[in-house]
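Take a look at the structure below.
Numbers restart at 1 for each chain; the letters A, B, ... are given by sequence-line order, proteins then strands. Worth saying up front: this structure is predicted, and the values here are computed from it rather than measured.
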Amino acid sequence: MAADRPLQTMTPSSPQPTGPAAASGASPVAAGEKVEASLSTSSTPPPVVQTSRSEQSQAAQIWREFKKRKLAVCAAILMIVEIMIAVFAPFIANDRPMAFRGVNRFEFQQLIQTVESLVALANGESRQEGGAAKKVYPVLEKAQSLLETAAAEIDVSTSNGSESHQQFEGLIQQIQDLQKPLGSFPDQSSALPPELIQGIQALLKDVKTLKKSELPPLLSRWYFPALAQLNGIDFWFIAAAIFWPFWWLATRTLSFAYRQPRWVQLLVLAGVPTLAAGIWVEINPSRLDQTNYKQGVLTAYDFSRTAPVIYDVVVWPLVPFGIDEYDTSNQTQPPAFSLKEPQKLATPWDRPHWLGTNHNGVDLLTLLIWGARISLSVGLVAVLIYMSIGIVLGALAGYFRGWVDILISRLIEVVICFPTLFLVLTIVALLKPSLINIMIVIGLTGWTGVARLVRSEFLRLVNQEFVLAGKSIGFSSTRLIFRHILPNALAPVVVAATFGIAGAILLESSLSFLGLGVRVPTPSWGTILSEGRTRLLQAPWQMTYPGFAIFITVTCYNLIGEALRDAADPRLRGTR
Amino acid sequence: MATYIFRRLLLMIPTLFGILVLSFIVIKSTPGDPASGRFGGAAAAQGGMNAERGTEDAEKAFRKNFKLDEPLYVQFFWFVGRIFRGEMIYYTKQGSIWPDLIPAMKITLMINSIVFLLVYLLAIPMGIFSATAPHSTGDRIMTLTLFVLYSLPSFWVAEMLRLGVLESNLGLPVSGLQSPNADRLSLLPWLWDYTLHLVLPILCMTYASLAYISRQMRAGMLEVVRQDYIRTAKAKGCSPARVIWVHALRNSLFPIITLFASLLPALIGGSVIIEYIFNIPGMGKLTIDSVFSREYDMILVTMMLSAVLTLLGILISDIMYVLVDPRVSFESKN
């Protein structure tokens with residue numbers, strides 16, 4: 001407790017703590033009024049210790065106080081690890097390898113199948129009256145480029161391979177022969193001449209024989225299936241997770257980085273991941289990778305030559321299971337460590353299900369790792385939404401006072417009367433339960449606390465010298481609110497946000513638990529719980545671990561929030 | 001005193017109106033209405049042949065009867081009128097909702113009152129204990145335990161408790177409010193049966209609020225114990241018990257009295273999920289059922305009732321605040 005004393009004297013000219021008023025508000029509006037009243041009576045005494053405060057920013061002060069709490073620091077580290085696990089989930093729990101050197105036969109077969117259907121399409125189109133040449137030409141072009149891709153995969157060093165390669169070359173030549181007359185076809189609207197139609201028919205026949213013939217030996221190369229699966233948003237977060245620490249280091253060490261003004265820093269922080277994600281989406285066309293990597297074998301064991309994938313070298317993720325991978329031989333398995341004899345593995349690439357499986361045979365650890373993405377992002381986004389609403393409304397009420405204040409305070413009073421779970425439950429159920437809906441509804445109903453906080457902070461700050469100075473120079477209200485007052489009112493808001501994330505995660509999991517949750521494509525922790533609820537006695541591990549994950553996350557956020565609150569303002573100790 | 005309460009009651013009117021408007025907006029802003037619920041999709045398919053003959057006319061009559069095609073403000077005032085006349089109904093079976101709602105409300109109110117009583121009865125001594133021996137081992141353990149309890153999701157705790165009770169054969173009932181044969185029991189066994197059924201739900205609803213309130217109580221008590229007048233009391237030779245119970249206790253009660261108001265919505269909201277898990281026929285379960293079956297009137301009424309209860313809670317906490325703290329007079333609240 002003694003450590004807080006110097007900080008208290010350092011807090012910028014704040015009113016002295018006034019017993020009950022400093023503790024959390026009585027009725028919603030009363031708290032602010034009390035603070036205001038205490039301001040008018042006690043003309044704030046000048047801070048005693050001025051020197052150290054001017055040397056350090058408020059953020060640095062908070063951080064210094066925060067670091068003293070070992071438990072909270074541990075919680076923060078744990079949360080960073082958890083967020084990292086969520087961000088890198090595709091590389092931690094996946095049913096496809098992170099990287100392998102080898103051959104993907106399945107993909108090759110799919111390629112030829114696509115060529116066949118393209119040629120069949122061209123064949124059909126060529127018989128149509130009018131405009132056939134215009135339609136057939138691009139289809140054949142596509143087929144040709146696919147065939148070239150496939151031909152490049154063939155290993156021509158063996159006799160078998162070079163033979164097959166020639167077959168491909170022949171087909172490509174055949175298509176090119178057809179394209180010449182098609183491209184220079186004089187009349188776009190009339191029907192194709194019969195020899196062209198026959199040519200396409202012959203091509204179709206040849207492609208069909210190619211498809212039936214034995215698979216040629218293919219060239220080994222590196223593949224990165226887990227990486228190829230990422231979409232733009234996944235990539236943004238991964239890029240951010242990698243880039244941000246580097247930029248942070250740069251701002252600490254390199255002068256060009258820390259000399260940049262704040263808006264440049266923000267631009268770099270947001271821009272670089274966005275740029276990376278944009279480039280990624282551009283160079284990595286999204287496609288459905290249906291290859292069953294689990295059925296792949298190492299080259300030395302490739303006896304039957306039917307395996308879809310052959311690995312020379314393969315790197316599997318730590319948890320080699322997918323969220324939609326139904327391990328039918330291991331349904332409702334208890335956690336591996338509680339078993340006396342090891343679990344039977346369906347394929348050589350499987351590992352034991354460390355936390356067991358659900359009734360479909362989906363690995364529970366995988367579900368938890370992927371579910372973290374949903375649960376954590378719901379917390380974050382919902383809180384972002386209600387922070388923005390709360391800050392804007394609270395600032396308006398506190399700055400303009402008068403009828404704006406009355407209106408907004410009444411609104412707060414009305415919304416606060418509704419039990420949050422009641423309100424959210426009703427709206428989400430009447431709308432369609434979806435991730436976006438849950439985030440928005442939590443956001444739209446949870447803003448009252450933040451609005452009250454910001455309002456009372458504004459009431460306190462709006463009459464202080466720096467605001468009056470700004471007013472007298474003629475700053476606009478917007479500028480005063482957002483550039484001058486808000487930064488000073490932000491500390492309690494950040495604290496509230498930390499508690500808010502914990503609350504939002506709890507709220508989302510309660511909703512999911514009641515069956516109004518997110519199920520597709522990834523279940524959130526609450527949804528796993530609600531599915532486990534029906535099998536409580538057969539599969540208690542389905543209840544234990546997701547609940548534990550929620551508990552740990554909520555505890556950590558609460559610990560961080562508590563430490564932040566004490567660091568930011570000892571007056572607020574014991575309040576929420 | 002009476003004028004103060006009267007004025008507060010008058011001030012409640014705009015808030016009540018706001019509650020009405022907000023509930024109405026919530027219901028109206030979601031897709032679908034009673035008519036589409038009754039005549040569209042699954043309901044029509046269930047109706048089979050009969051539906052084919054007269055659905056359209058019936059739907060029209062239904063919409064006309066319940067003014068569903070009128071402008072919004074007409075609908076709103078009609079809805080307000082129906083609330084004051086108490087004409088809320090189930091749209092599917094066209095019966096009044098009150099026979100279901102009132103017993104459910106009684107149950108929820110009863111459970112919540114017990115929880116309230118328990119929370120405050122336990123929290124105050126715990127806070128006092130912490131304040132008399134701050135930073136002792138006992139205090140540290142208690143603080144940590146309460147912190148952990150506070151973060152435990154109640155629905156998970158409820159399920160874990162159910163699992164534990166079922167597996168350890170404790171003989172505690174884990175579902176419902178009464179045994180199936182309860183109506184044949186005489187008064188005392190019946191009461192015992194009822195109590196047993198209440199143990200787990202009340203445990204689940206109490207611990208989180210208890211953790212929260214007792215933490216506040218501890219903080220408030222510590223704040224008070226550091227004040228000068230406590231030192232003065234000690235200096236003039238008051239016994240430690242007298243210092244705590246007479247001088248400190250009353251002043252340390254303010255924070256937790258103000259919390260009464262914010263605890264109420266949390267408890268009512270929390271009872272939704274606990275009632276769902278333990279299958280207790282209270283207001284929470286009624287709400288979930290009516291949300292799933294889209295009984296708009298029931299949803300509206302339960303939502304509004306919970307809001308009004310909270311409003312009353314705030315009023316009560318303000319009055320208690322004035323009663324406990326002589327520094328806050330009725331007039332200065334102006």
Side-chain angles (χ1 to χ4, degrees), chain A residues 1 17 19-20 22-28 30-31 410-411 413-432 502 506 509-510 513-516 526 529 532-533 536-537 540 543-544 546-548 550-559 562 573-576, chain B residues 14-15 18-19 21-23 26-27 30-32 147-148 150-153 155-156 159-160 162-163 166-167 215-216 218-220 222-223 251 254-255 257-259 261-262 264-270 272-273 276-277 287-288 291-292 294 299 302-303 306-308 310-311 314 317-318 321 325:
Chain A
M1 294 294 149
S24 94
S27 55
R410 284 287 138 190
L411 189 62
E413 205 167 305
V414 169
V415 175
I416 234 166
C417 284
F418 290 96
T420 321
L421 186 61
F422 248 71
L423 200 58
V424 174
L425 172 84
T426 312
I427 305 177
V428 169
L430 292 183
L431 292 169
K432 223 174 100 237
L506 264 183
S509 47
S510 315
F513 183 79
L514 289 174
L516 297 167
L529 279 177
R533 177 177 145 74
L536 183 62
L537 285 175
M543 285 298 293
T544 336
F548 197 67
I550 296 172
F551 164 57
I552 291 291
T553 310
V554 171
T555 312
C556 283
Y557 274 113
N558 280 341
L559 272 173
E562 190 132 302
R573 172 161 297 153
T575 65
R576 298 278 313 213
Chain B
T15 314
I19 289 172
V21 175
L22 195 68
S23 322
V26 164
I27 296 291
T30 54
F147 190 84
V148 170
Y150 181 73
S151 304
L152 274 172
F155 54 93
W156 184 56
E159 290 292 352
M160 288 291 110
R162 280 184 63 200
L163 181 68
L166 285 175
E167 284 198 335
R215 276 159 59 78
Q216 303 295 333
R218 176 176 181 273
L222 280 178
E223 183 85 36
N251 280 312
F254 307 143
I257 285 176
T258 45
L259 284 174
S262 57
L264 206 69
L267 263 181
I268 294 177
V272 171
I273 210 155
Y276 170 80
I277 291 172
T287 311
I288 293 183
V291 161
F292 281 130
R294 296 195 161 232
I299 299 172
T302 44
M303 215 153 78
S306 55
V308 170
T310 314
L311 202 60
I314 293 175
S317 84
D318 279 4
Y321 202 90
D325 191 353

Answer yes or no: does atom CZ of Phe147(B) have more than 12 heavy-atom neighbours from other residues, nucleotides or ligands under 6.0 Å?
yes
Is there a side-chain contact between Ile277(B) and Arg533(A) in this structure, where contact means two heavy atoms from C-beta onward sitting under 4.5 Å apart?
yes
Run Arg215(B) and Glu562(A) through side chain to side chain contact (heavy atoms under 4.5 Å, CB included) and show every step you take.
CA-CA 12 Å; Arg215(B) 276 159 59 78; Glu562(A) 190 132 302; 2.5 Å; yes
Heavy-atom check, side chain of Val554(A) versus side chain of Tyr150(B), under 4.5 Å:
no
With a 4.5 angstrom heavy-atom cut-off, is it the side chain or the backbone of Thr544(A) that approaches chain B, or both, or neither?
both
May I ask you to decide if the ring planes of Phe551(A) and Trp156(B) are parallel, tilted or perpendicular, using 30° and 60° as cut-offs?
parallel
Is a side-chain donor or acceptor of Arg410(A) paired with a backbone partner of Thr15(B) at a separation under 3.5 angstrom?
no
Comparing Leu529(A), Leu559(A), Thr420(A), Leu425(A) against chain B, the one with the most heavy-atom pairs below 4.5 Å turns out to be Leu559(A)
At a heavy-atom separation under 4.5 Å, does Leu166(B) approach chain A through its side chain, its backbone, both, or neither?
side chain
Under 4.5 Å from any heavy atom of chain B - which part of Phe548(A)
both
Please classify the contact between Val21(B) and chain A as side chain, backbone, both or neither, with a heavy-atom cut-off of under 4.5 Å.
neither
Most contacts with chain A, counted as non-hydrogen pairs under 4.5 angstrom, among Val291(B), Thr302(B), Leu152(B):
Leu152(B)
Note: vs chain A, highest number of non-hydrogen pairs under 4.5 angstrom among Val272(B), Val308(B), Asn251(B) is Val272(B)
Which atoms of Met303(B) approach chain A - backbone, side chain, both or neither, heavy atom under 4.5 Å:
both
Pick one of side chain, backbone, both or neither for Thr287(B), based on which atoms fall under 4.5 Å of a heavy atom in chain A.
side chain
Residue from Leu421(A), Val424(A), Leu411(A), Val415(A) scoring the most non-hydrogen pairs under 4.5 Å with chain B is Leu421(A)
Identify which part of Leu514(A) has an atom lying under 4.5 Å from any heavy atom of chain B, answering side chain, backbone, both or neither.
both
4.5 Å side-chain heavy-atom contact, Phe292(B) and Leu516(A):
yes
Below 4.5 Å, heavy atoms only, C-beta onward: do Ile19(B) and Ser23(B) meet side chain to side chain?
yes
